[in-house]
Amino acid sequence: MKIYNTLSAQKEEFKPFSDEVKIYVCGVTPYDESHLGHAMNAVVFDTVRRYLIFRGYKVKYVQNITDIEDKIIDRANKLGITPRELAEKYTNRYFEDMVVLNVLRPDIVPYATEEIPKMLEVIQGLVKKEHAYPAKGSVYFRVRSMPDYGKLSKRTLDSMMAGARIEPVEEKEDPMDFALWKAAKPGEPAWDSPWGKGRPGWHIECSAMSLKYLGETIDIHGGGQDLIFPHHENEIAQSECFTGKKPFARFWMHNGLFQLGEAKMSKSSGTFISIKQVFEKHSADGFRLFILGSHYRNPLTLSEEAIEAAERGAERLTQALKNGTAQGKTNGKLDAQPFRQKFTEVMDDDFNTPQAIAVLFDLAKEINKAAEKGANASDARQTLQELAGVLGLTLKEDGNSSEQELLEEAKHLVSEKKYVEMAKRIESVLPQLQTNSFIRNDLLKSFDSVLKDNESVTIIQFKNATISNTASLNAIIAHLNNKNYSDIVENLENYAKSSTASTESLVNIRKEIRQNRQFKIADEIRNKLFEMGIVLEDTPQGAIWKWKK
RNA sequence: GGCGACGUAGCCAAGUGGCAAGGCAGGAGUCUGCAAAACUCCCAUUCAGCGGUUCAAAUCCGCUCGUCGCCUCCA
């Protein structure tokens, strides 16, 4: 298995240092909604993790939350809340997004504010070894004390000085020295230290937490390409100088950056799109397929057309799982082994997910063919599901049946006052629910009273995700039962304004109409439903309906 | 100024020395009362341009044009 290592600037054979692959991925600084860059980063490394597990490795995956930082303090001050409150809010929001994205939770999530002692230990060690020096209550890392400083980002101190964008701080020995510990300013959160009250510098938390939870040498350290300098460069400096052991990380993996048309998405320029915005229109499978459809080291540009294409692709894969489930036994059996092998082969080459996805599509095509000629494709279908799962794709239909079931179940739970169970249940199916769904509304109505005194995060999230689009088919059904067809067609939309309904029974009644060969009425009902957002399809197995996309 | 990435069909995107993966869109069929869905098949003599190396280049080298990132907070 080969992985591209930023440190050596080439692909290298990957073998874990011990029997367990140790991965550290730089997490978020929670001061705002998480954006597409976070999504890309999370999906990429989630896929790395899933694939390593698929290949039989034990994996220990650590991702930190940097919950104390300049931006958090600034934003909290503006909002008039404490930095802690702000960080907690957006940390929760981040993990909600991760659930929807089908990103596995890290094995360990350390918080910077809870690891101050370890950071102080590292800083003190660096001062002792004269790699760092205190000055005016702060502590700085002495970059000139490390001969190979700059090895990750491939730059030298002198060339960086030429950039001349460094603001000199008078107490620094060298303008490139960076802060390990910052002296406290009035009104800021501060911790005691040997140098007085203060708080950690930006890079030290990752060194400390990585050392604490994964040891002195880890297998893979990941992050976005924008972290190569200065963040990761400085992590290497701190960690290797502290432990005296090299390398701090054997493999440095960096994902390409998300671009928004012309320019990179950037927080400073205010141009970024949140993950939640994407999920207003797209499914997790579609979004993951979009991200993994290009190689992780290349930049990714947001394009509505491209996400839409990925969405259709996801549907196609999902469909292959469904097609021809009537198991043929007579016409041979589709062997999925070659696909599994090819999948492994391309993923082994620096996680070539675009090619892995191509294998999935090839397999889907063969499954469809097998289904057509009545061959047994159940193994192949299982393989497709499994391999898709390695990429974090669920291939679950977000169709009506699960929504219907959820509604029934949820109503039951409410009547039993089992709110906690209900919240859990909603959370588990939330990714599959359509944003623009009647069921969501019905659920909301059922839960309105609950919301008033049970404001769990999940329920509120659920409410926010819901778009108003109520419609009732009860009235229509009543009229259909009375066979007032023309009246129905005329007033369909008016009837569709209130309360709850069962589309299923409508479909059943229309079936009767079709059996009576009154196609014109049947077609008009179908058209009206389409205008209302319901797609009706007549298949040999009977009519099915789903929400329009 | 320093470091780096990229330019492949209408769109997205693999491939980095040996006849150009895959998806979306498009076209033709199958199925169907019709429609839709689904499925099958077809769809780049050519890889920004120009030179060079080679039996052989989208792939290596040089130049030109174009786009973008990092060097300051960022995943």
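Naming convention: chains lettered A, B, ... in sequence-line order (proteins, then strands); numbering from 1 in each chain. Worth knowing before you read on, the calculation uses all heavy atoms, side chains too, and leaves out hydrogens, waters and symmetry mates.
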For this session: Pick the P atom in B/rA36 and in B/rG29, then give their distance to the nearest Å.
Result: 14 Å
Exercise. Picking from B/rA75, B/rC73, B/rC41, which would you name as closest to the side chain of A/Lys369?
Worked result: B/rC41
Problem set entry | Side chain A/Asp226 and base B/rC73 donor-acceptor under 3.5 Å | no
Problem set entry | Euclidean distance, atom CD of residue A/Glu304 to atom C1' of B/rA25 [Å, nearest integer] | 15 Å
Exercise. What's the CG-C1' distance between A/Leu227 and B/rU72, to the nearest Å?
Worked result: 14 Å
For this session: Would you mind classifying the nucleic acid contact of A/Gly27 as base, sugar-phosphate or nothing, using non-hydrogen atoms under 4.0 angstrom?
Result: sugar-phosphate
Exercise. Roughly, in whole Å, what's the span from CZ in A/Phe229 to P in B/rC71?
Worked result: 8 Å
Problem set entry | Phosphate OP1/OP2 of B/rC39 contacted by A/Asn368 side-chain N/O (<4.0 Å) | yes
Seminar exercise, completed: Contacts of A/Tyr296 meeting side-chain hydrogen bond (donor to acceptor under 3.5 Å, both in side chains) (sequence neighbours excluded), chain-then-number -> A/Asp350
Exercise. Distance between the C1' atoms of B/rA56 and B/rU16, in whole angstroms?
Worked result: 15 Å
For this session: Determine the interatomic distance between C1' on B/rU59 and the same-named atom on B/rA20; round to the nearest Å.
Result: 11 Å
For this session: Report the base-pairing partner of B/rG26 (Watson-Crick or G-U wobble, both distances below 3.5 angstrom), or none.
Result: B/rC42
Exercise. Of A/Pro230 and A/Asp523, whose nearest nucleotide on RNA chain B comes first from the 5' end?
Worked result: A/Asp523
Problem set entry | Exercise: do A/His295 and A/Gln355 side chains pair donor with acceptor under 3.5 Å | no
Exercise. Going by the angle between their ring planes, with limits at 30° and 60°, are A/Phe248 and A/Trp252 parallel, tilted or perpendicular?
Worked result: tilted
For this session: Searching all strands shown, indicate the nucleotide that pairs with B/rU32 (Watson-Crick or G-U wobble; both distances under 3.5 Å).
Result: none
Exercise. In the strands shown, is B/rG62 matched to any nucleotide by a Watson-Crick or G-U wobble pair with both distances under 3.5 Å, and which?
Worked result: B/rC50
For this session: For this output row, return yes or no: ring centroids of A/His203 and A/Phe141 closer than 6.0 angstrom.
Result: no
Problem set entry | Proximity to the side chain of A/Lys154 - top-ranked nucleotide from B/rU40, B/rC3, B/rC34 | B/rC3
Problem set entry | Rounded C1' spacing from B/rC42 to B/rA25 in Å | 14 Å
For this session: Please state the C1' separation for the pair B/rA21 and B/rC47 - nearest whole angstrom.
Result: 14 Å
Problem set entry | No-hydrogen, no-angle side-chain donor-acceptor test under 3.5 Å, A/Tyr213 and A/Glu115 | yes
Problem set entry | Among B/rA36, B/rG69, B/rC34, the nucleotide that comes nearest once only the side chain of A/Leu257 is considered | B/rG69
Exercise. Which comes earlier along RNA chain B counting from the 5' end, the contact point of A/Ser153 or that of A/Glu372, where each point is its nearest nucleotide?
Worked result: A/Ser153
Problem set entry | No-H, no-angle donor-acceptor pair, A/Arg526 side chain to B/rC34 base, under 3.5 Å | yes
Problem set entry | Complementary nucleotide for B/rA5 - Watson-Crick or wobble, under 3.5 Å | B/rU67
For this session: Starting from C1' on B/rC11, measure out to CG on A/Leu302 and report it in whole angstrom.
Result: 14 Å
Exercise. How close or far is atom P of B/rA75 from atom CD1 of A/Ile291, stated in whole angstroms?
Worked result: 15 Å
Exercise. Using a cut-off of 4.0 Å between protein heavy atoms and nucleotide atoms, how would you tag nucleotides 12-24 of chain B 5' to 3' with B, S and -?
Worked result: SSSS-----BSSS
For this session: Compare the minimum distances between each of B/rU40, B/rC3, B/rC39 and the side chain of A/Gln319, then state the nucleotide with the smallest one.
Result: B/rC39
Exercise. Sequence neighbours excluded, which residues qualify as ring pair (Phe, Tyr, Trp, His ring centres under 6.0 Å) partners of A/Phe14?
Worked result: A/Phe251
Exercise. Does one side chain, of A/Ser153 or A/Glu233, offer a donor that lies under 3.5 Å from an acceptor on the other?
Worked result: yes
Exercise. Is a side-chain donor-acceptor pair under 3.5 Å present for A/Glu33 with A/Ser274?
Worked result: no
Problem set entry | Inter-nucleotide C1' distance (B/rG52, B/rC11), Å rounded | 34 Å
Problem set entry | B/rA37: pairing nucleotide in any strand, Watson-Crick or G-U under 3.5 angstrom | none
Exercise. Can you tell me if A/Asn64 uses its side chain to pair, donor with acceptor, with the backbone of A/Pro110 under 3.5 Å?
Worked result: no
Exercise. What distance, rounded to whole Å, do you find between the two C1' atoms, one in B/rG27 and one in B/rA48?
Worked result: 29 Å
Exercise. From A/Ile307 CD1 over to A/Leu289 CG, what is the distance, rounded to the nearest 0.5 angstrom?
Worked result: 11.0 Å
For this session: Take atom NZ of A/Lys182 and atom C1' of B/rC73, then tell me their distance rounded to the nearest Å.
Result: 10 Å
Exercise. Atom CD of A/Glu537 and atom P of B/rA37: how far apart are they, to the nearest Å?
Worked result: 7 Å
Problem set entry | Spacing of the P atoms in B/rG49 and B/rU40 (rounded, Å) | 34 Å
For this session: Could you tell me the separation between the NE2 atom of A/His232 and the P atom of B/rC71, rounded to a whole number of Å?
Result: 13 Å
